[in-house]
Amino acid sequence: MTQKRLEQCWRWYGPDDPVSLSDVKQAGATGIVSALHYIPHGEIWPIADILKRKNQIESAGLVWSVVESVPVHEAIKTKSNNAINYIENYKQTLRNLAECGIFTVCYNFMPVLDWTRTNLEYQMQDGSKALYFNWADLALFDIHILKRMDAHNDYSDIVLREVENKIVNLSEADKDVLIKNILMGIPSEKDISIQDLINSIDIYKDIGAEGLKNNLIWFLNEIANTCEEVGVRMAIHPDDPPFPILGLPRIVSHQENYRTILEAVDKSFNGFCFCTGSLGANSNNDLLSIFELIKERVYFTHLRNVRKDDVGNFYESDHLNGDVDMYSVMRVILEENQKRDIAIPFRPDHGHQMLDDLKKVTNPGYSAIGRLRGLAELRGLELGILGR
Ligand code: DNO
């Protein structure tokens, strides 16, 4: 195999991130993945703000490689009356980013909630802490806290029995933590409230998966000309977890979804963020086969691993030690990378809270040392495969 390396990236939430840009430098990453999280969803990102962030990154000797994310406003996902205004704003943000030299934009089309976990401090045997998703905890929240109508129909008997056991011992404090965990989003973006969630569940009940898919296709068609004019490549992130949850539809969870998105808008700007941890949480997903299908349009990758149990609960495992065969994934990504003019960016997605970080307040999944371990292992794997 020839020798072209991937671009090593690191997600940085901005100046308030407890992990500094000089920490990132020491971790050995060269590219930064960042977003202007303080700008409310749907508003235009002004050029001055983009340039300010870009300069901060460049002064540290790094490059702003990928925007993750320019959030898609709920009005667009639900195609409500004012959606077209938000599309115009979105296009302007893309133009502004391109004007500042940033051309890769990650986004997702998950209703209301971004990634969802039920426990943000799952104790690992080695003393570190991981993010965890447990169906019974989600069902408990759904049935007993949200009180969604007919929610119990969405869960297996095993899960429902576990809910009954859990509810007996659930303290008010446990309940609060569960609510906080499930509603937790991106740091410094607006928090979702229980009431927002209930309202949205109602709205999406009428839209359904078919409607949401059509809205995505509509969105992509609306922004297509702008993306092509200014050279922006969009990278949609898969649903995390890749299942319908809380009665909300999902449309980027498995291979057939990918085929639909590819075929519906068959233009090179319409690309993907290949996230191994998200897709790997569904044992029916064959990651290599999904990658084969979309490889020419993969503009960004999140390398993360998960370990699932028989019920489908999963925790985020060490990057090289989980159900995702990271060696094979890395191989195919590197093969594709050899054909590219621009190296494919990857970031070690999440990491355990470990060592000194256990004493610190960190952003769940985004503490420094766990990701540093992940990056170092992935870099070693990459070099091993490249034969250097
Ligand atoms: C979680 C991330 C997601 C991702 C967005 C992309 O850690 O992978 O929050 O950034 O879904 O839009």
Side-chain angles (χ1 to χ4, degrees), residues 9-14 17 19 31-37 39 41-42 45 65-74 76-77 90 93-94 97 104-120 122 130-133 181-192 212 216 219-220 223 232-243 245 248 250-253 257 261 270-281 298-306 314-316 319 324 345-353 362-368 370-371 374-375:
C9 291
W10 187 277
R11 186 179 207 171
W12 185 59
Y13 282 118
D17 193 323
V19 183
I32 289 291
V33 174
S34 197
L36 305 183
H37 298 286
I39 298 185
H41 288 195
W45 293 14
S65 300
V66 178
V67 176
E68 179 176 359
S69 302
V70 180
V72 179
H73 194 272
E74 283 296 307
I76 297 176
K77 295 182 199 162
Y90 204 96
T93 294
L94 296 180
L97 284 167
T104 306
V105 174
C106 181
Y107 71 106
N108 72 73
F109 224 74
M110 286 179 260
V112 228
L113 299 172
D114 199 305
W115 56 286
T116 305
R117 298 288 182 274
T118 54
N119 184 346
L120 308 178
Y122 187 65
L131 307 186
Y132 178 59
F133 181 90
N181 290 349
I182 292 179
L183 297 179
M184 149 102 210
I186 303 292
S188 83
E189 289 186 6
K190 183 179 157 279
D191 284 342
I192 303 290
L212 186 61
L216 169 63
F219 165 69
L220 287 169
I223 64 169
V232 162
R233 306 181 307 171
M234 300 296 294
I236 194 167
H237 187 279
D239 303 322
D240 183 6
F243 307 97
I245 53 165
L248 294 164
R250 295 295 219 193
I251 54 164
V252 197
S253 292
N257 293 153
I261 297 169
N270 176 26
F272 302 95
C273 168
F274 187 68
C275 175
T276 56
S278 301
L279 293 170
V298 170
Y299 298 139
F300 183 31
T301 57
H302 286 179
L303 301 182
R304 174 161 71 74
N305 219 323
V306 284
F314 63 88
Y315 64 85
E316 299 190 356
H319 290 76
V324 173
F346 82 94
R347 64 175 180 83
D349 191 19
H350 304 183
H352 291 174
Q353 193 180 355
T362 59
N363 288 320
Y366 289 91
S367 51
R371 281 189 291 163
L375 178 63

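Order of listing sets the numbers, starting from 1, for every ligand and every atom in it. Given the structure is predicted, the values throughout are model-derived calculations rather than measurements. Hydrogens, waters and symmetry mates play no part in the numbers below; they use all other heavy atoms, side chains included.
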Are any protein N/O atoms closer than 3.5 Å to the N/O atoms of ligand 1? If there are, list each pair with names and the distance to one decimal place.
residue	atom	partner	partner atom	Å
ligand 1	7 (O)	H350	NE2	2.5
ligand 1	7 (O)	Y366	OH	2.6
ligand 1	8 (O)	H237	NE2	3.2
ligand 1	9 (O)	D114	OD1	2.8
ligand 1	9 (O)	D114	OD2	3.4
ligand 1	10 (O)	R11	NH1	3.3
ligand 1	10 (O)	R11	NH2	3.2
ligand 1	10 (O)	E68	OE2	2.4
ligand 1	11 (O)	N108	ND2	3.2
ligand 1	11 (O)	D114	OD1	2.8
ligand 1	11 (O)	D114	OD2	3.3
ligand 1	12 (O)	S69	OG	2.5
ligand 1	12 (O)	N108	N	3.4
ligand 1	12 (O)	N108	ND2	2.9

**OP:** Could you point out which residue of N305, D349, L131 forms a side-chain contact (heavy atoms from CB on, under 4.5 Å) with E316?
**Re:** L131
Subject >> Qualifying residue for side-chain contact (heavy atoms from CB on, under 4.5 Å) with D239, from C275, S278, S253 >> reply: S253
Original post:
Partners of T362 by side chain to side chain contact (heavy atoms under 4.5 Å, CB included), sequence neighbours excluded?
Top reply: Q353, D357, K360, S367
Original post:
Is the backbone of G351 close enough, under 3.5 Å, to the side chain of R371 for a donor and an acceptor to pair up by distance?
Top reply: no
Subject >> Contacts of type side-chain hydrogen bond (donor to acceptor under 3.5 Å, both in side chains), residue T93, not counting sequence neighbours >> reply: none
Subject >> H41: ring-ring contact (aromatic ring centres under 6.0 Å, His included) partners, not counting sequence neighbours >> reply: none
